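One structure below.
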Amino acid sequence: MRFLKNRLFLAVSLLVALPVAIAACSSDPEIVEKIVEVEKVVEVEKEVQVEVTKVVEKEVEKTVEKKVEVVVTATPIPTATPIPIAPLEPAPQPKNAAGTLTAAVFDVAPGVGLPANQAPVEAMQYWGVGEGLFAMDAGGTIVNRLASGYTIAEDQAYVDIDIRSGVKFHGDFGELTAEDIVWTLDQSNATTNPTSIHGQAGDYAALFSKHEVIDSDTVRLTFSAFDPRWNGHFLNEQAQGTAFVPKAACDGDATIASLSCPYLQENIVSTGPYTVSEWKQDDKAILTKQSEHWRKVGNADTITFLEVPEPATRVAMLRTGEVDIADSIPLKDIKPLAESGFKAESITRAGRVHQIIFSGNYWEANHHRTGEDLKRTGSGYCIHDLPWVGCNIEGKQPGDMEEARDVRWALAKAIDRELIIDTVLDGFGNVASLEYVDTTAEWFKDKWLIPYDPAAAAEQMAKTAWPEGKFVMNIWTGGELGGSGGTNAEINDAVAGMWLSIWPDMDLQVMKSAYSVIRPGLVGRTNTIPYAGDCDEGSTTIPFDWPHGSTETSITRGGFGCGIEIPKIAETFDKVSAESDSAKRFEYNEEMVDYLYDQMIFAGTVQVPTLVVYNPNSISGWLGTPSMFATMNEFESIELAR
């Protein structure tokens with residue numbers, strides 16, 4: 001501690017440098033006396049005691065005064081020299097040729113055209129290569145696309161769909177027919193093709209048991225169980241539908257069992273306004289507009305999608321004019337870009353609910369549709385005592401369901417959602433609750449808010465077998481919100497830091513691996529690593545009165561799942577699917593959310609707006625359509641600035 005006593009009488013400014021010697025290792029105080037005579041109108045008496053170094057320095061300065069007048073002024077306080085901040089550069093002129101666009105995206109999916117082999121179904125539709133049977137208009141109403149109409153059987157056993165005439169495939173593969181529709185769905189559906197790894201293999205297995213050609217312009221799809229989302233979600237190009245491909249492209253080798261179709265293994269052919277000129281997974285895709293199209297000819301001659309995993313690089317490429325469009329930009333970078341004149345817009349008017357899904361809670365003993373014994377212990381369930389997983393097999397791990405609930409609730413209460421909004425999201429977004437609910441909606445119930453209470457979190461954890469939170473846990477970063485290089489990863493890092501601040505002995509890791517690493521466990525229903533993302537249900541544009549959560553039940557076995565299978569979700573899914581009254585569907589779902597909130601199967605963190613940034617010197621206007629999953633769509637509708 002330093003004590004300083006000054007008495008200053010100043011009339012004329014004069015800088016005097018006084019050397020100070022400090023005997024840091026001396027054991028006895030040292031007295032130093034200096035007398036300095038200078039010609040200045042200043043009288044200074046100054047005592048300095050430095051206790052830490054045991055040095056006392058006493059200085060006396062005497063001056064010969066030439067003036068009687070004494071002026072007292074304040075000692076000026078030194079201030080830091082301001083560092084000049086360069087003004088943000090305005091949005092640059094694009095480097096691309098006029099009539100072309102380049103987009104930086106965080107992922108370019110596999111370039112496979114065969115549906116059964118995981119064709120890039122969503123990208124094909126969102127980017128304008130493929131089309132669905134149905135779509136959304138600008139107001140969010142379901143409209144016909146490749147379908148021209150449909151008729152649902154009175155008992156809801158099947159739907160007959162009329163196929164639009166005059167729709168041509170890319171290249172020389174002729175017009176789309178009912179046979180192409182059925183062949184694509186037979187390839188994709190895990191019921192009709194058990195080897196399918198199509199993105200909607202499990203969804204279609206839960207929805208359709210059979211696809212038939214009625215005539216050249218009509219198909220019949222038989223429901224496994226009727227689901228009112230069939231055309232607004234599963235066959236809709238702005239949700240989780242599929243693009244359609246020509247059976248003729250397989251040169252006669254078009255049986256469902258065959259996955260060897262060489263042409264579609266290497267080429268993507270569909271019906272959209274853009275054709276694929278080049279597609280390299282994890283690298284780039286180059287699309288070229290069709291000179292003629294039944295619906296809309298695109299304005300941009302070519303659109304190139306570059307995989308740029310690092311958000312900072314995407315931002316830099318925007319600022320240099322190398323790209324015209326970038327998605328999944330961290331929200332903290334949005335404001336500086338907007339100040340430079342870039343446009344940041346929600347092209348598809350969607351937000352995403354980020355949450356931690358406590359994977360491993362496989363509570364269904366039998367398949368919800370077939371009644372088949374799921375043999376859960378053979379998949380590892382109830383074999384290891386994972387803190388967040390409740391074992392509900394009688395005779396195994398007694399009391400585990402309640403204990404695991406305490407762990408999940410402790411972790412949920414330890415998340416400071418407002419802090420994540422202020423820091424990671426730069427003030428954008430809202431707190432989240434559970435994936436099925438939008439906390440900004442008029443119908444939202446405050447009873448579903450998750451409190452931030454670290455003291456209560458520690459107390460609840462202390463009731464368990466892990467009172468100090470000393471256990472191993474990973475969080476896998478899903479591909480939503482920019483995946484491992486974007487906002488999702490930043491949120492997960494923040495959550496991990498909050499947990500470790502309360503339980504420093506927790507062995508916690510945020511996994512930022514490729515989806516291919518975790519997919520086998522999600523499909524096989526063996527994954528126990530908590531999944532951070534929104535798992536097909538976290539779009540704020542999904543209506544609350546729709547059926548929810550089939551991928552969180554055994555209904556979609558054979559395809560993608562979220563790492564949990566909850567009987568209450570499966571039961572409610574069926575009740576809502578069969579109910580025609582919207583008010584009753586709402587009531588059933590509210591009851592389910594009450595249950596899931598109590599069990600805290602997934603802990604919501606924040607709701608994140610999905611914004612796309614583009615250069616106004618390249619694009620003068622872009623109106624997409626509402627989408628539950630796409631960040632950007634309707635590329636054919638982009639209005640060029642040059």
Side-chain angles (χ1 to χ4, degrees), residues 91 94 96 100-109 120-132 135-138 140 145 236-241 243 272-274 276 279 284-287 289 296 298-300 302-309 311 314-315 317-318 322-331 333-334 337-338 342-352 428 479-483 485-488 534 538-542 608-616 618-641:
N96 297 321
T100 66
L101 295 172
T102 300
V105 297
F106 80 91
D107 179 52
V108 174
V121 286
E122 284 90 358
M124 286 176 70
Q125 297 171 106
Y126 303 157
W127 294 356
V129 175
E131 297 168 297
M136 296 287 187
D137 66 14
R145 190 68 104 201
N236 196 297
E237 69 179 50
Q238 299 310 338
Q240 285 196 303
Y274 285 90
V276 176
W279 193 300
K284 64 182 175 182
I286 301 176
L287 312 182
K289 78 174 182 181
K296 168 73 174 173
N299 293 317
T302 63
I303 304 176
T304 300
F305 295 87
L306 300 177
E307 179 168 317
V308 184
R314 294 198 291 274
V315 172
M317 294 176 78
L318 277 171
E322 294 177 76
V323 300
D324 310 288
I325 305 164
D327 74 348
S328 302
I329 296 294
L331 294 178
D333 295 322
I334 293 292
L337 287 166
F342 288 93
K343 297 294 184 182
E345 296 179 354
S346 181
I347 302 297
T348 60
R349 278 87 89 192
R352 310 293 292 192
F428 292 94
E480 304 90 336
L481 300 172
T487 300
N488 193 347
D534 61 34
S539 173
T540 57
T541 57
I542 297 177
V608 186
T610 54
L611 299 176
V612 174
V613 180
Y614 64 85
N615 188 338
S618 307
I619 297 172
S620 59
W622 187 359
L623 179 63
T625 54
S627 174
M628 297 163 210
F629 299 99
T631 302
M632 46 189 179
N633 60 17
E634 303 294 331
F635 281 84
E636 64 272 17
S637 71
I638 290 177
E639 299 173 14
L640 300 178

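Please read these numbers as outputs of a predicted model, since none were measured by experiment.
- The main-chain N or O of Gly624 is never found under 3.5 Å from a side-chain atom of Asn633 such that the two would form a donor-acceptor pair.
- Interatomic distance, OG of Ser620 versus CG of Leu640, reported as 7.0 Å (0.5 Å rounding).
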For Leu287 and Val276, what are the C-alpha separation, side-chain angles and deciding distance, and is it a side chain to side chain contact (heavy atoms under 4.5 Å, CB included)?
-> CA-CA 5 Å; Leu287 312 182; Val276 176; 3.9 Å; yes
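- Scanning both residues, Pro94 and Asp324, for their nearest heavy atoms gives CB-OD1, 3.4 Å.
- Expressed to the nearest 0.5 Å, how far OG1 of Thr631 lies from CD1 of Ile329 amounts to 11.5 Å.
- For the pair Leu306 and Met317, the minimum side-chain heavy-atom distance is below 4.5 Å.
- Classified by interplanar angle (parallel below 30°, tilted 30° to 60°, perpendicular above 60°), the ring pair Trp622/Tyr614 is tilted.
- Scored by the side-chain hydrogen bond (donor to acceptor under 3.5 Å, both in side chains) test, Glu131 finds Thr271, Trp294, Arg295 as partners (sequence neighbours excluded).
- Here the CD-CD distance, from Glu122 to Gln238, works out to 11.0 Å after rounding to the nearest 0.5 Å.
- Side-chain atoms of Glu634 do not come within 3.5 Å of backbone N or O of Thr625 as any donor-acceptor pair.
- Annotation: side chain of Lys289 is not in contact with side chain of Glu636 (no heavy-atom distance under 4.5 Å).
- Residues Pro309 and Arg314 share a closest heavy-atom pair of O-NH1, 3.2 Å.
- Phe106 has its side chain out of reach of Val308: every pair of non-hydrogen atoms, C-beta onward, lies at least 4.5 Å apart.
- Proximity of Ile619 to Lys343: side-chain heavy atoms (C-beta onward) are nowhere separated by under 4.5 Å.
- Residues passing the ring pair (Phe, Tyr, Trp, His ring centres under 6.0 Å) test with Tyr274, sequence neighbours excluded: none.
- Listed by chain and number, the residues in a side chain to side chain contact (heavy atoms under 4.5 Å, CB included) with Ala350 are Thr348, Ser539, Thr541, Thr610 (sequence neighbours excluded).
- For the pair Tyr126 (side chain) and Ala239 (backbone), a donor-acceptor distance under 3.5 Å is present.
- Side-chain contact between Ile638 and Asn299: absent, with no pair of heavy atoms (C-beta onward) separated by less than 4.5 Å.
- Between Ile325 and Val612 the shortest heavy-atom distance is CG2-CG1, 3.7 Å.
- Looking at Ile303 and Trp127, their side chains never come closer than 4.5 Å, going by heavy atoms from C-beta outward.
- For the side chain to side chain contact (heavy atoms under 4.5 Å, CB included) with Val608, the lone residue among Thr540, Leu331, Asn488 that qualifies is Leu331.
- Side-chain contact check for Asn96 versus Thr302: every heavy-atom pair is 4.5 Å or farther apart.
- Nearest approach of Met628 to Ile542, heavy atoms of both residues: CG-CG1, 3.7 Å.
- Nearest heavy-atom pair, Asn615 versus Ala91, reported as atom, atom and distance to 0.1 Å: OD1-CB, 3.7 Å.
- Between atom CZ of residue Phe305 and atom OG1 of residue Thr102 there is a gap of 9.5 Å, rounded to the nearest 0.5 Å.
- In this structure a side-chain-to-backbone donor-acceptor pair under 3.5 Å is present from Trp279 to Ala109.
- A heavy-atom distance below 4.5 Å is found between the side chains of Met136 and Asn236.
- Smallest separation of non-hydrogen atoms from Leu623 and Ala138: CD2-CB, 4.5 Å.
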